[in-house]
Structure formats: C-alpha cells, structure tokens
Amino acid sequence: MTDFYHPNDEGGIKWDDPDIGIDWPLEGIENIILSDKDKVQQSFSEYKGKI
C-alpha cells in the first residue's frame, strides 16, 4: 500500500445482482452467510448511476 486507508472510498456490488447475471453454482443458497457490509451493497445499476 502506498497511501492511507479511506473507508469512505470503499464500495461494492451485490453478489447476486440479477443485472450481472452470474449463475452461482451454489447449493443451500438460503444458508449463505454475508457480512453486514455485504448485506447492504448496492446494485450494479445504482453503482453506474454514481459514476
């Protein structure tokens, strides 16, 4: 790392966003454990609206 950490500059996209369309090969998807941070990620379309 060459700079200081800036938590306000973090971002992400919902792992299961239907716009991205990834066919995750998962069984028991209802049992997936997400971090609190990952539970509130934005959709890809929301992300595109910010750039």
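Worth saying up front: this structure is predicted, and the values here are computed from it rather than measured.
A donor-acceptor contact shorter than 3.5 Å links the side chain of Q41 to the backbone of G12. In terms of modelled atom types and a separation under 3.5 Å, the side chain of D17 and the main chain of F44 share a donor-acceptor contact.
Here the OH atom belonging to Y47 is positioned 11.0 Å from the CD1 atom belonging to I20, to the nearest 0.5 angstrom.
More than 12 heavy atoms of other shown residues, nucleotides or ligands fall within 6.0 angstrom of atom CD in E30.
Counting heavy atoms from C-beta on, the side chains of L34 and K39 come closer than 4.5 Å. The shortest distance between side-chain heavy atoms of I32 and W15 falls below 4.5 Å.
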**OP:** Evaluate the side chain to side chain contact (heavy atoms under 4.5 Å, CB included) criterion for residues Y5 and E10: first the C-alpha distance (whole Å), next the side-chain angles of each, then the deciding distance (0.1 Å), finally the verdict.
**Re:** CA-CA 9 Å; Y5 172 66; E10 280 191 3; 2.4 Å; yes
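The cluster map of Ile, Leu, Val, Met, Phe, Trp and Tyr, joined by side-chain heavy atoms under 4.5 Å apart, puts V40 and I13 in different clusters.
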